[in-house]
Amino acid sequence: MKKIIQDFSFNEIFQLSKRFNQPAFRAKQLYEGVMQGKNISDITTLPAAFKQQLLEEFEDCPIEIIRTLTSTDGTEKYLFRLADGNIIEGVFMKYKYGNTQCISTQVGCRMGCKFCASTLGGRVRDLTSGEILAQVLAVNALHGGTKEKRAVTNLVLMGSGEPFDNYDNVVKFLRNVAAEEGINISPRNISLSTCGLVDKMYKFAEEGIPLNLTVSLHNTTDEERARTMPIANKWSIAEILNACESYFAKTGRRYIFEYALIVGENCDSRHADELIALLKGRPCHVNLIRLNSVKERTLEGADEKSAYRFLGMLEKGGLSATLRRRTGADIGGACGQLRAGFLNENAEVQSGHDDNQQ
């Protein structure tokens with residue numbers, strides 16, 4: 001696979017243009033074209049000879065939207081094909097305050113959470129910083145956004161993959177996506193979700209990127225959490241809480257806990273009481289989630305009545321909590337579902353093709 005121009009910062013593109021003996025304004029034209037979501041071959045301000053030089057070294061189209069599903073609530077879900085043929089997915093959600101895009105950081109995931117379709121095939125590979133950024137640029141362009149007036153106003157790193165398992169690429173992406181000369185999405189409009197890689201949480205607190213740190217908690221004891229989240233065998237809830245406190249001390253940003261309500265696992269009154277005891281008084285917020293079912297998994301999400309009952313118990317106990325608006329349930333809203341379905345479809349087609357050859 002060739003290199004990806006979207007991996008490069010403005011300064012790196014400036015140095016690249018110098019290497020090709022191009023004047024400084026060509027670097028600006030190239031960078032602006034890339035930030036508009038254009039392929040190299042489609043940047044009309046660049047000379048054909050310069051584009052040809054670039055195409056010998058760089059992928060023209062590092063990411064392509066190959067399927068779009070639209071929910072009745074307006075949510076859009078995309079399948080992206082990468083230059084090497086791998087498939088990832090993303091989601092575009094419309095809210096009153098702006099439009100949020102959910103992006104992937106890896107092809108697949110190796111964290112093994114039992115409620116997530118992204119882990120079904122394991123981790124294939126990490127995405128480069130440019131492949132992560134290219135998702136944003138493609139969707140922003142799809143919705144008519146520009147570098148100056150974005151259609152994508154908020155980002156959540158909650159798609160396929162564990163962001164901190166791809167630490168260096170994710171940090172470079174965060175710096176590039178927030179660059180003033182680029183698409184310039186403020187870290188305060190970005191949320192990063194981790195299942196709780198404590199060592200990387202401490203490291204990230206030193207990066208000076210004050211985004212919204214979100215931790216997938218999903219239970220109140222280490223033993224019960226380990227039933228659905230294997231990472232609980234490595235890092236305890238107490239260690240996660242200490243890392244969150246460190247992040248707050250370094251950034252001044254309160255942290256968020258995601259809590260997917262799973263029947264028979266974590267949403268009775270005992271769990272509400274334990275969650276209150278665990279978190280009350282901390283600078284945090286609890287984001288309750290009604291789990292989208294994954295056909296390959298046996299876990300069942302709580303119904304709406306039970307979810308609001310659990311929310312009421314938390315609020316009565318003094319916790320800051322909300323129930324996340326459910327989006328995209330009719331189009332495979334759970335993380336990894338669309339990709340898994342696509343891979344299964346293609347496996348069946350290939351199997352049928354092979355049978356016909358025999």
Side-chain angles (χ1 to χ4, degrees), residues 1-68 78-90 101 103-108 123-142 145-148 150 152 159-161 166-185 339 342 346:
M1 197 169 90
K2 296 179 182 178
K3 289 188 282 189
I4 306 238
I5 197 78
Q6 289 80 0
D7 280 325
F8 285 32
S9 66
F10 177 75
N11 287 335
E12 289 169 330
I13 283 182
F14 180 75
Q15 294 301 320
L16 175 72
S17 297
K18 280 179 65 177
R19 176 159 67 84
F20 284 115
N21 297 315
Q22 295 292 324
F25 72 88
R26 292 295 184 210
K28 188 172 186 293
Q29 290 172 334
L30 173 57
Y31 185 74
E32 288 185 346
V34 169
M35 289 300 112
Q36 290 167 11
K38 293 181 178 180
N39 295 338
I40 294 172
S41 61
D42 295 329
I43 304 175
T44 56
T45 54
L46 296 179
F50 182 32
K51 288 194 282 189
Q52 188 55 44
Q53 286 177 311
L54 290 168
L55 291 171
E56 289 174 5
E57 191 171 325
F58 294 93
E59 295 288 352
D60 188 30
C61 181
I63 196 167
E64 177 189 6
I65 298 173
I66 60 169
R67 182 178 294 180
T68 302
Y78 313 105
L79 269 184
F80 299 99
R81 181 164 48 220
L82 305 174
D84 66 355
N86 270 303
I87 301 295
I88 57 173
E89 62 184 66
Q101 184 179 348
I103 56 179
S104 295
T105 55
Q106 295 175 310
V107 181
R123 171 188 164 277
V124 178
R125 70 168 176 88
D126 292 336
L127 298 183
T128 73
S129 63
E131 287 173 322
I132 304 171
L133 179 59
Q135 297 169 61
V136 183
L137 301 177
V139 173
N140 187 58
L142 178 70
T146 64
K147 187 165 69 77
E148 292 75 21
R150 299 186 309 274
V152 176
S160 299
N166 185 17
Y167 187 89
D168 290 341
N169 284 315
V170 165
V171 168
K172 184 174 184 182
F173 156 75
L174 290 169
R175 298 198 191 284
N176 285 346
V177 80
E180 288 185 14
E181 60 269 270
I183 198 165
N184 193 20
I185 298 180
R339 173 178 176 266
F342 178 84
N346 282 269

Item to check | Evaluation steps, side-chain contact (heavy atoms from CB on, under 4.5 Å), between M35 and L137 | outcome: CA-CA 6 Å; M35 289 300 112; L137 301 177; 4.2 Å; yes
Next on the checklist: Evaluate Y78 against L142 for side-chain contact (heavy atoms from CB on, under 4.5 Å), listing each step before the verdict.
Outcome noted: CA-CA 11 Å; Y78 313 105; L142 178 70; 3.6 Å; yes
Checklist entry - Between L127 and V107, does a side-chain contact (heavy atoms from CB on, under 4.5 Å) hold up when you go through it step by step? => result CA-CA 7 Å; L127 298 183; V107 181; 3.7 Å; yes
Item to check | Full working for side-chain contact (heavy atoms from CB on, under 4.5 Å) between R125 and E131 | outcome: CA-CA 12 Å; R125 70 168 176 88; E131 287 173 322; 2.9 Å; yes
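To the nearest 0.5 angstrom, I88 atom CD1 is 8.5 Å from I132 atom CD1. Between the CD1 atom of I183 and the CG atom of L133 there is a distance of 7.0 Å, given to the nearest 0.5 Å. Here E181 contributes atom CD and I13 contributes atom CD1; the two are 10.0 Å apart, rounded to the nearest 0.5 Å. With rounding to the nearest 0.5 angstrom, the CD1 atom of I103 is 5.5 Å from the CD atom of Q135. Atom-to-atom distance recorded for D60:CG and L55:CG is 5.0 Å, nearest 0.5 angstrom. How far CG of L54 is from CD1 of I43: 8.0 Å, rounded to the nearest 0.5 Å.
Of the possible donor and acceptor atoms, one in the side chain of E59 sits under 3.5 Å from a partner among the backbone N and O of K2. The backbone N or O of S17 lies less than 3.5 Å from no partner atom in the side chain of R26, so there is not a single donor-acceptor pair. A side-chain donor-acceptor contact under 3.5 Å links D84 to the backbone of N86. Listed for the Q101 side chain is no donor-acceptor partner under 3.5 Å among the backbone atoms of G90.
N166 is linked by a side chain to side chain donor-acceptor pair (under 3.5 Å) to N169, counting only residues two or more places apart in sequence or in another chain. Under the rule for a salt bridge (Lys or Arg N to Asp or Glu O under 4.0 Å), the partners of K172 that lie at least two apart in sequence or sit in another chain are E12. Residues passing the salt bridge (Lys or Arg N to Asp or Glu O under 4.0 Å) test with K3, sequence neighbours excluded: E57. Residues forming a ring-ring contact (aromatic ring centres under 6.0 Å, His included) with F14 (at least two apart in sequence, or on another chain): none. Residues that satisfy the salt bridge (Lys or Arg N to Asp or Glu O under 4.0 Å) test with R175, not counting sequence neighbours, are E207. In this view, E32 and K28 satisfy the salt bridge (Lys or Arg N to Asp or Glu O under 4.0 Å) rule, not counting sequence neighbours.
A side-chain contact (heavy atoms from CB on, under 4.5 Å) with S160 holds for exactly one of R123, E89, Q106; it is E89. Residue D42 forms a side-chain contact (heavy atoms from CB on, under 4.5 Å) with just one option from T44, L46, N39, and that option is N39.
Closest non-hydrogen pair, A83 versus C61, comes out as CB-O, 4.2 Å. Across I4 and F58, no two heavy atoms sit closer than the pair C-CD2, 3.8 Å. Of all heavy-atom pairs spanning N140 and V152, the tightest one is OD1-N, 3.2 Å. Between A179 and Y31, the shortest heavy-atom contact is CB-OH, 4.2 Å. The nearest pair of heavy atoms linking A134 to I63 is CB-CG2, 3.4 Å. Nearest heavy atom pair, residue N184 against residue A178, reads OD1-O, 3.3 Å.
Within the 4.5 Å cutoff, the side chain of F25 has no heavy atoms near those of the T45 side chain.
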